[in-house]
Amino acid sequence: MAVQAIEEPRTFRLRRRGRSSRVTAHTWIARQWVLWSRMLTPLRPLDAPRGRATVWDASWPLRRQPTSVRQARRLVTGQVAHWGLGHLADTAELLVSETVTNALRHTRGPLRLNLRLCGSRLLCEVEDTEPAGPVRCDVDLDAEGGRGTELLDLLADAWGSARTATGKTIWFELRDGGTGRGEPVG
């Protein structure tokens, strides 16, 4: 194997806005390393706190425990009441309970519950680490499960699934019955 001699750093000429400057190879490599390392850093895990929360945005990591369904219901009813949309609480509570239960039953890894109020729409999201979307199935009348998508069809104004960099998000939307945006209480 041949040994190569280490050369002095090369100098590059860069043109920016009509000015030329000399940049050594070490500086250029360091700058490229920083740019690539930002792109290749791992995404924030679902169990980490979410950034950029606003008055109309709420997010909570959920543990992989059966008690997380109860916790999600309480978080949703409390937040919806805080936003002055108590009339949507029962529907939101039922649908969040269903989506969190399905995420616990059919996925692995951490979960996150997100709520967002956009104008007169309440958007609820459950994020997980499984890329496969929900599957519709025909169920018997006496079956104990399998009606989650039917509940979403009946009660949500819109719902869907979107793939994310960490897995997928199941979301549903409830529209405020024309009363406009709620106001935070307190």
Side-chain angles (χ1 to χ4, degrees), residues 43-137 139 143-186:
L43 298 169
R44 178 174 293 173
L46 295 178
D47 53 355
R50 184 171 171 188
R52 290 185 279 156
T54 65
V55 174
W56 307 107
D57 185 25
S59 180
W60 305 274
L62 298 173
R63 294 186 178 148
R64 294 206 54 81
Q65 300 172 348
T67 58
S68 291
V69 178
R70 181 178 63 218
Q71 178 190 11
R73 285 193 303 259
R74 287 182 181 165
L75 291 168
V76 166
T77 54
Q79 188 63 50
V80 168
H82 177 74
W83 284 337
L85 299 172
H87 58 284
L88 295 178
D90 291 338
T91 306
E93 180 182 10
L94 176 64
L95 294 178
V96 163
S97 177
E98 181 63 34
T99 53
V100 170
T101 300
N102 285 343
L104 286 171
R105 185 177 283 178
H106 301 292
T107 67
R108 295 183 202 147
L111 306 172
R112 177 185 298 281
L113 172 64
N114 304 317
L115 292 179
R116 190 172 310 130
L117 189 60
C118 306
S120 64
R121 299 174 304 148
L122 175 67
L123 178 65
C124 301
E125 301 172 332
V126 176
E127 296 179 68
D128 60 51
T129 56
E130 184 69 33
V135 177
R136 257 185 216 275
C137 57
V139 295
E144 291 183 15
R147 293 182 181 82
T149 55
E150 290 179 26
L151 283 173
L152 286 166
D153 281 339
L154 289 172
L155 300 175
D157 293 307
W159 74 275
S161 173
R163 289 186 103 180
T164 64
T166 57
K168 74 170 173 306
T169 299
I170 302 292
W171 60 270
F172 65 88
E173 185 179 281
L174 299 174
R175 294 191 195 281
D176 188 10
T179 60
R181 179 177 236 173
E183 292 297 325
V185 178

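- Counting only distance, with no hydrogens or angles, the side chain of S120 and the backbone of D176 share no donor-acceptor pair below 3.5 Å.
- Between E98 and L152, the closest side-chain pair of non-hydrogen atoms is not below 4.5 Å.
- In this structure, W83 and L115 have side chains that are in contact, with non-hydrogen atoms separated by less than 4.5 Å.
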Checklist entry - side-chain contact (heavy atoms from CB on, under 4.5 Å) between N114 and T169: does it pass, once the steps are laid out? => result CA-CA 10 Å; N114 304 317; T169 299; 5.6 Å; no
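- To the nearest 0.5 angstrom, R63 atom CZ is 12.5 Å from L111 atom CG.
- Atom CZ of R70 is separated from atom OG of S97 by 11.5 Å, given to the nearest 0.5 angstrom.
- Taking the side chain as every heavy atom from C-beta outward, L94 and D90 never approach each other to under 4.5 Å.
- In terms of heavy-atom proximity, T99 sits nearest to V96 at OG1-O, 3.1 Å.
- Nearest heavy-atom pair, T129 versus G109, reported as atom, atom and distance to 0.1 Å: OG1-CA, 3.7 Å.
- When atom types are taken as modelled, the side chain of D157 and the backbone of R175 share a donor-acceptor pair closer than 3.5 angstrom.
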Next on the checklist: Run the side-chain contact (heavy atoms from CB on, under 4.5 Å) test on L122 and F172 for me, step by step, so that the C-alpha distance in whole Å, both residues' side-chain angles and the decisive distance to 0.1 Å come before the verdict.
Outcome noted: CA-CA 8 Å; L122 175 67; F172 65 88; 5.9 Å; no
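- Shown here are the side-chain contact (heavy atoms from CB on, under 4.5 Å) partners of T77, two or more places apart in sequence or in another chain: A89, E93.
- Counting all heavy atoms, side chain and backbone alike, A156 lies closest to L174 at CA-CD2, 3.9 Å.
- The distance from the CG atom of L75 to the CG atom of L113 is 6.5 Å, given to the nearest 0.5 Å.
- Of the possible donor and acceptor atoms, none in the side chain of R64 sits under 3.5 Å from a partner among the backbone N and O of P110.
- In plain terms, the two heavy atoms of W171 and E125 that are nearest each other are CB-CG, 3.9 Å.
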Checklist entry - Could you go step by step and tell me if L117 and L85 meet the side-chain contact (heavy atoms from CB on, under 4.5 Å) rule? => result CA-CA 10 Å; L117 189 60; L85 299 172; 3.4 Å; yes
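- Rounding to the nearest 0.5 angstrom, the gap separating the CZ atom in R105 from the OG1 atom in T101 is 7.0 Å.
- Residues L104 and L62 are not in side-chain contact: their nearest non-hydrogen atoms beyond the backbone lie 4.5 Å or more apart.
- When the shell of 6.0 Å around CZ of R163 is examined, it contains 12 or fewer heavy atoms from other residues, nucleotides or ligands.
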